[in-house]
Amino acid sequence: MSILVTGGAGFIGSHTVVELQEAGYDVVVLDNLSNSNVKSLERVEAITGKKVPFYKADILDREALEEIFSKETVEAVIHFAGLKAVGESVQKPWEYYENNIAGTLTLVDVMRKHGVKNLIFSSSATVYGDPAFIPITEQCPKGQCTNPYGWTKSMLEQILSDIQKADQEWNVILLRYFNPIGAHKSGTMGENPNGIPNNLMPYVTQVAVGKLKELGIFGNDYDTHDGTGVRDFIHVVDLAKGHVKAVKKTEEKPGLKIYNLGTGVGYSVLDIVNNFEAATGVKVPYVFKPRRPGDIATCYSDATLAKEELGWVAEYGIREMCEDAWRWQKNNPNGYDE
Ligand code: NAD
Ligand code: UDP
């Protein structure tokens, strides 16, 4: 079975390509490299020993998509391509709606014209808004998103669900990720943020490696065990393996399926700092700052459904997430840039 991976040069995409190739799938990657470096795919090839056919293309470019679907034998698409910076989406909502929504509509249209109706979509726990209950099951109602990025995920879930409802040949799997961190065990692949990181773990590792002075912890007055925000951090390799299980699921009866991919365990920001220091022996200086607008106190999953229906559970613990993130940062202080 061959899989087209959009956004496959990115953080989660590149780790997923490793797992797909290691599971025996043929993979083709499409990415416009707007937030990634093609070197990630060279690292994939070094790990798996297999070539990664790559198209530098945009999901908004219908002609380019037509060409790929004509040339390649695509049976399923894992769709990672999208813009994902929350703050930037507030400044540039049009760009986010255009890229993420119009891009996905174009992709899906080309897919159906070529009779490809297996789609695995990167969604996010952000669609739950301030969750109605914790731990969050897939039954938890979707909520109000606090930024355009989140709305693109929520709206795309609706759009893809409607498309599946209208044409029952579609197999649509919506994967709601919690907080992916960590890196490949080899230390050759990991997260490669542009500029100053927005997310917690890359900020922590850049402080640890001396590129940034100190971590700002956004809020210490939340209703959590130590006052800092609690999230469900998941190792990116576990997340990648979840996609391999989802691909297997597309071989069953078509339909709409929705799964949380998380560990089911919540760690606070301070827990992360403490675990990182314990795992690596490196100090992470921090200061408390005001709450970040749009943040919620607590978010963690109940991932029982993925266990029952996909046979998937997250295997790595917080120590490995910290060790692996650190190995990548230490070996590659400038990410994929030399
Ligand atoms: P990433 O930025 O590393 O990967 C996304 C990739 O898509 C990049 O390589 C980028 O160049 C590419 N891309 C963007 N727009 C494109 C377009 N128009 N055409 C072709 N390629 C395009 O991000 P990631 O962390 O690997 O996230 C992958 C997906 O998972 C995204 O859809 C993201 O929104 C979603 N997600 C990520 C997280 C997270 O915390 N990292 C959490 C929930 C959901
Ligand atoms: N966070 C922080 N300092 C940072 C980045 C993040 O204190 O520099 C906190 C943030 O407020 C949240 C948690 O870390 O409580 C996870 O944030 P991240 O942006 O990584 O993911 P989110 O859950 O917002 O998608």
Side-chain angles (χ1 to χ4, degrees), residues 4-17 29-41 54-62 64-65 68 77-111 119-129 142 144-160 174-181 189-203 231 234 236 239-240 243 261 292-295 335-337:
L4 175 68
V5 181
T6 76
F11 173 47
I12 307 171
S14 57
H15 286 80
T16 301
V17 175
V29 168
L30 171 169
D31 200 301
N32 68 359
L33 303 180
S34 60
N35 195 41
S36 53
N37 189 314
V38 75
K39 281 192 195 131
S40 63
L41 299 177
F54 172 64
Y55 291 86
K56 183 172 186 297
D58 198 298
I59 49 168
L60 284 157
D61 183 346
R62 182 179 289 272
L65 294 181
I68 295 168
V77 175
I78 306 183
H79 179 32
F80 293 106
L83 297 173
K84 64 159 187 178
V86 170
E88 185 183 62
S89 78
V90 177
Q91 306 303 322
K92 298 181 175 175
W94 188 89
E95 283 75 5
Y96 271 66
Y97 289 119
E98 164 83 348
N99 191 75
N100 293 5
I101 294 189
T104 302
L105 288 175
T106 309
L107 172 70
V108 165
D109 194 30
V110 176
M111 283 177 70
L119 177 65
I120 295 164
F121 174 64
S122 296
S123 190
S124 166
T126 196
V127 301
Y128 294 113
K142 284 167 72 177
Q144 293 295 311
C145 298
T146 52
N147 56 75
Y149 164 71
W151 282 119
T152 68
K153 294 295 175 196
S154 190
M155 290 176 187
L156 280 168
E157 282 202 353
Q158 185 66 47
I159 290 168
L160 297 174
L174 309 176
L175 298 179
R176 294 176 176 162
Y177 311 154
F178 282 68
N179 289 56
I181 59 169
M189 295 173 55
E191 200 166 359
N192 189 31
N194 273 332
I196 296 177
N198 295 306
N199 296 110
L200 179 63
M201 185 53 95
Y203 207 107
R231 295 291 181 276
I234 172 170
V236 65
L239 193 63
H243 292 75
L261 294 184
R292 184 170 67 178
D295 274 357
Y336 293 112
D337 299 328

What are the two closest heavy atoms between [X] and [Y], and how far apart are they?
| X | Y | result |
| --- | --- | --- |
| Ile12 | Pro180 | CD1-CG, 3.9 Å |
| Tyr336 | Gly190 | OH-N, 3.3 Å |
| Lys142 | Glu157 | NZ-OE1, 3.3 Å |
| Val127 | Cys145 | CA-SG, 4.3 Å |
| Phe54 | Leu41 | CD1-CD1, 3.5 Å |
| Leu60 | Gly103 | CD2-N, 3.5 Å |

* Kindly determine whether Leu119 and Val108 satisfy side chain to side chain contact (heavy atoms under 4.5 Å, CB included), including the steps that lead there. => CA-CA 9 Å; Leu119 177 65; Val108 165; 4.1 Å; yes
What is the distance from atom [atom1] of [X] to atom [atom2] of [Y], rounded to the nearest 0.5 Å?
| X | Y | atom1 | atom2 | answer |
| --- | --- | --- | --- | --- |
| Ile120 | Thr6 | CD1 | OG1 | 11.0 Å |
| Asn192 | Asn194 | CG | CG | 7.0 Å |
| Asp31 | Lys56 | CG | NZ | 9.0 Å |
| Asp109 | Leu65 | CG | CG | 10.0 Å |
| Lys39 | Asp337 | NZ | CG | 6.5 Å |
| Arg176 | Phe121 | CZ | CZ | 10.5 Å |

Is it true that a side-chain atom of [X] and a backbone atom of [Y] form a donor plus acceptor pair closer than 3.5 Å?
| X | Y | result |
| --- | --- | --- |
| Asn179 | Arg231 | no |
| Ser123 | Leu174 | no |
| Thr106 | Arg62 | no |

* To do: Apply the test side chain to side chain contact (heavy atoms under 4.5 Å, CB included) to residues Leu105 and Ile101: give CA-CA distance (whole Å), side-chain angles for both, the deciding distance (0.1 Å), then the verdict.
  => CA-CA 6 Å; Leu105 288 175; Ile101 294 189; 4.2 Å; yes
* Crowded around Lys92 NZ? As in, over 12 foreign heavy atoms under 6.0 Å? -> no
* With under 30° as parallel and over 60° as perpendicular, where do the rings of His243 and Phe80 fit, or are they tilted in between? -> tilted
Are [X] and [Y] close enough that some pair of their side-chain heavy atoms sits under 4.5 Å apart?
| X | Y | result |
| --- | --- | --- |
| Leu30 | Ile68 | yes |
| Lys84 | Ser89 | no |
| His79 | Ile59 | yes |
| Glu191 | Asn199 | yes |

* To do: Before giving the answer on side chain to side chain contact (heavy atoms under 4.5 Å, CB included), spell out for Thr104 and Ile159 the whole-Å C-alpha distance, their side-chain angles and the decisive distance to 0.1 Å.
  => CA-CA 10 Å; Thr104 302; Ile159 290 168; over 6 Å; no
* Asked: Are side-chain N/O atoms of Glu88 and Tyr96 paired as donor and acceptor at under 3.5 Å?
  -> yes
* Single hit among Asn35, Asn99, Thr152 for side chain to side chain contact (heavy atoms under 4.5 Å, CB included) with Leu83 -> Asn99
* **Criterion side chain to side chain contact (heavy atoms under 4.5 Å, CB included) on Ile234 and Tyr177, from CA distance to verdict** => CA-CA 9 Å; Ile234 172 170; Tyr177 311 154; 5.9 Å; no
